Q: 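Please see the structure below; I have some questions.
Throughout, residue positions are numbered sequentially from 1 according to the sequence presented. Just so you know, these numbers come straight off a predicted model, no measurement behind them.
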Amino acid sequence: MSKAGTDGFSEGERAAMKERAAELRKETTRGRGTKAAAEELDVLSKIAQMEQSDRALAERIHAIVTANAPDLSPKLWYGQPAYARKGKVVCFFRSGHADKEPYSTFGFTATANLADDSGLWPTSFAVAQLSEQAAETIAALVKKAVS
């Protein structure tokens with residue numbers, strides 16, 4: 001919870017849950033053949049609605065993920081762009097502006113194949129800009145996540 005207290009969830013958390021519920025309702029009304037295309041359109045539409053700085057990051061991350069893991073399907077997850085395999089989200093982008101944070105986030109769920117013997121692996125990154133090195137890192141992590 002964003003704010004501790006007896007009120008329960010914050011406004012932002014309630015809004016995210018409502019968006020997720022709407023996403024789930026929408027999923028049940030789509031036919032099998034058009035679901036993937038419609039979900040990608042939802043993601044692209046969400047990206048287009050973002051503040052310019054987040055939009056640029058999300059567009060580039062979308063291109064990196066779809067180029068390096070074509071078997072992942074774009075979909076909305078808690079109102080933000082995500083990429084799933086067999087319906088389970090592997091990685092996601094969170095808008096810093098939408099979350100009222102100073103940076104956006106690119107992260108991975110437990111479904112991602114990132115665990116290694118060291119006992120320490122990445123699950124989430126703050127993203128304020130994407131240098132070539134950062135783009136290469138994301139590409140490598142996405143490839144490993146789906147390996």
Q: Please report the closest heavy-atom contact between R55 and A48, naming both atoms and the distance.
A: NE-O, 3.4 Å

Q: Nearest 0.5 Å, what's the CH2-CG distance between W121 and L114?
A: 9.0 Å

Q: Provide the full list of salt bridge (Lys or Arg N to Asp or Glu O under 4.0 Å) pairs with a residue in residues 94-111, sequence neighbours left out, each pair given once.
A: R94-D99

Q: Got a second to check how far S53's OG is from H97's NE2, nearest 0.5 Å?
A: 4.0 Å

Q: Mind checking whether S73 and K86 have side chains closer than 4.5 Å, heavy atoms only?
A: no

Q: What are the two closest non-hydrogen atoms of P81 and L76, and how far apart are they?
A: N-CD2, 4.2 Å

Q: How many angstroms lie between atom CD of E59 and atom CD of Q52, to the nearest 0.5 angstrom?
A: 8.0 Å

Q: Please report the C-alpha distance between C91 and T109 in whole Å, then the side-chain angles of each, then the deciding distance to 0.1 Å, and finally whether the side chain to side chain contact (heavy atoms under 4.5 Å, CB included) criterion is met.
A: CA-CA 6 Å; C91 56; T109 66; over 6 Å; no

Q: Any idea which heavy atoms bring S124 and T105 closest together, and the distance?
A: OG-CG2, 2.9 Å

Q: Looking only at heavy atoms, which two atoms of L57 and A128 are closest? And how far apart?
A: CD1-O, 4.0 Å

Q: Assigning hydrophobic clusters by single linkage (Ile, Leu, Val, Met, Phe, Trp, Tyr; side-chain heavy-atom cutoff under 4.5 Å), is L130 placed with F125?
A: yes

Q: Going through the checks in order, is the side chain to side chain contact (heavy atoms under 4.5 Å, CB included) test met by L72 and T66?
A: CA-CA 7 Å; L72 292 182; T66 57; over 6 Å; no

Q: Could you pull out the closest heavy-atom pair between A58 and M50, with the gap in Å?
A: CB-SD, 3.7 Å

Q: What is the minimum heavy-atom distance between A135 and I64, and which atoms define it?
A: CB-CD1, 3.7 Å

Q: R85 versus D71: any side-chain heavy-atom pair under 4.5 Å?
A: yes

Q: Do Y103 and F92 share a hydrophobic cluster, counting only Ile, Leu, Val, Met, Phe, Trp and Tyr and linking them when any side-chain heavy atoms are less than 4.5 Å apart?
A: no

Q: Just by distance, no angles: are the side chains of E40 and H62 close enough, under 3.5 Å, to form a donor-acceptor pair?
A: yes

Q: Taking side chain to side chain contact (heavy atoms under 4.5 Å, CB included) as the criterion, tell me which of Y83, W77, F108, Y78 meets it with V89.
A: W77

Q: With heavy-atom distances below 4.5 Å as the criterion, would you say the side chains of Q49 and S95 are in contact?
A: no

Q: Below 3.5 Å, can you tabulate the donor-acceptor pairs from side chains in residues 137-147 to any protein atom, sequence neighbours excluded?
A:
from: T137; atom 1: OG1; to: Q133; atom 2: O; distance (Å): 3.0
from: K143; atom 1: NZ; to: N68; atom 2: OD1; distance (Å): 3.4
from: S147; atom 1: OG; to: N113; atom 2: ND2; distance (Å): 3.1
from: S147; atom 1: OG; to: K144; atom 2: O; distance (Å): 2.7

